Amino acid sequence: MPKRRQATSITATALALALLPLAPGAAGEADLTLRDSAPQGFHIGSSVAGGGHLDAEDHPDPFTHDKAYTALLGQEFDSLTPENRMKWSELRPSEDTYDFSLADRIVEFAARKDQEVRGHALLWHQQNPDWLEEGDYSEQELRQILHEHVTTVVGRYKGRIHQWDVGNELIDDDSRLRTEENIWLRELGPEVISDVFRWAHAADPEAELFLNDYSIEDVNDKSDAYLDLVRELLADGVPVHGLSVQAHLTPAAGYPESMEENLDRFGDLGLRTALSEVDVRVETSGEGDGGTEEQLSEQADFYARALQACLNADSCTSFTVWGYTDRYSWIPSTFPGKGAGAIMDDDLKPKPAYGALRETLRSSG
Ligand code: 9MR
């Protein structure tokens, strides 16, 4: 369903309203959740914490153990992306086995809460199991392993996963295909990209199949490389349906001003687009530092502008934050000295960015 047309810019009033603290318990629009504030046909999502960097910490799976965390996932969002649970390292303990237990729970939860699911990810250079990366397989065996994985995983969730990140981070920071780091591209050649899209499409013809990457928010060399790749794939009749832009942002790098123009040029090729992993990290002095008022206000502005760019672009129909709370964020372990990048704090309390998103959604509805 097409989303309603949006206002083209955030007004000063909208932003000022958004920055007002929430009034818990007060009746009226301040009580609306993000998902209730979104225009029809537009999805507001969050990744679901578990696995990955959290394995290094001594606490149980947030999704199954932190009830307050999981309740907010259901209330606030109408789209979920497993942060790690559908990656190879999680689904494939060995060559002969699959472990769908935690991924299944997320998909079942999403169905109960009337949420869409973005599947993440099928072809990536990271978070692959050791048996695969260090195995001694022939080209033919690897192809068979990949085909079986894609067919099994996409087939299992047929009709229940709305969009799949099929190709994840296939292009490097020099705007070239990762033909060394990515085991599949290295061993099977770049043609394997088309194969995986075709296999995924055969396993679930209704699922929308995406390329997903970071540092392609703007019109730049890397997003140009994606434009070329998409054109080639489409010319070959490959079922590629979307480009998702991760949007791991930080004020230190400046706001990506040409985001809307960039989304539009992929929309012009007939693709759907999405902002798939949004967060806005700031400099912090370490654990417990949630950022200054000024930092959080700038952060709120970045979130709202990115959301507005997506709302403005006809092709862009979902906006997913990569972890809605600082409590389980991947940022501090990856970027020492940075953090507080989410829209709710360590105590699951909304930050100014939460209000800014909600107000941007409401004013565009
Ligand atoms: O958030 C994920 C973290 O828990 C993992 O440890 C990490 C491993 O690389 O992957 C993180 O998610 C990444 C996503 O899958 C792809 N885009 C970048 C994300 C942040 O690194």
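In listed order, ligands and their atoms are each counted from 1. As the structure is a computational prediction, the values presented were derived from the model and not from experiment.
- Among protein heavy atoms, atom 2 (C) of ligand 1 sits closest to E83 OE2, 3.4 Å.
- The ligand atoms of ligand 1 that sit less than 4.0 angstrom from a heavy atom of W330 are 1 (O), 20 (C), 21 (O).
- Looking only at heavy atoms of the protein, atom 18 (C) of ligand 1 is closest to E277 OE1, 3.2 Å.
- For the pair Q75 and L72, the minimum side-chain heavy-atom distance is below 4.5 Å.
- The closest side-chain heavy-atom distance from P205 to K158 is below 4.5 Å.
- Under the 6.0 Å distance and 45° angle rule, R327 does not count as a cation-pi partner of Y69.
- Contact annotation for W124 and ligand 1: only side-chain heavy atoms (C-beta onward) come within less than 4.0 Å of the ligand.
- Proximity of L311 to T360: side-chain heavy atoms (C-beta onward) are separated by under 4.5 Å at one or more points.
- At the top of the distance list for atom 5 (C) of ligand 1, counting protein heavy atoms only, stands N84 OD1, 3.5 Å.
- Here the two rings, on Y303 and Y354, have centers that are 6.0 Å apart or farther.
- Nearest protein heavy-atom contact of atom 14 (C) of ligand 1 is H120 NE2, 3.5 Å.
- Regarding atom 11 (C) of ligand 1, its nearest protein heavy-atom neighbour is K87 NZ, 3.7 Å.
- Atom numbering of ligand 1 starts at 1 in the shown order; those under 4.0 Å from a heavy atom of Q126 are 8 (C), 9 (O).
- For H53, heavy-atom contacts with ligand 1 shorter than 4.0 Å involve the backbone as well as the side chain.
- Defined by atom type and a distance below 3.5 Å, a donor-acceptor pair is missing between the side-chain atoms of D96 and S94.
- Under 4.0 angstrom from ligand 1, there are no non-hydrogen atoms of T334.
- Among all protein heavy atoms, the one lying closest to atom 12 (O) of ligand 1 is W322 NE1, 3.3 Å.
- Taking the ring centre of Y214 as origin, the terminal cationic atom of K222 falls inside the region bounded by 6.0 Å and 45° from the ring axis.
- With contacts defined as side-chain heavy-atom distances shorter than 4.5 Å, the pair L122/N168 does not qualify.
- Summarising the contacts of atom 7 (C) of ligand 1 with Q246, E169, H248, Q127, the nearest heavy atom is found in Q127.
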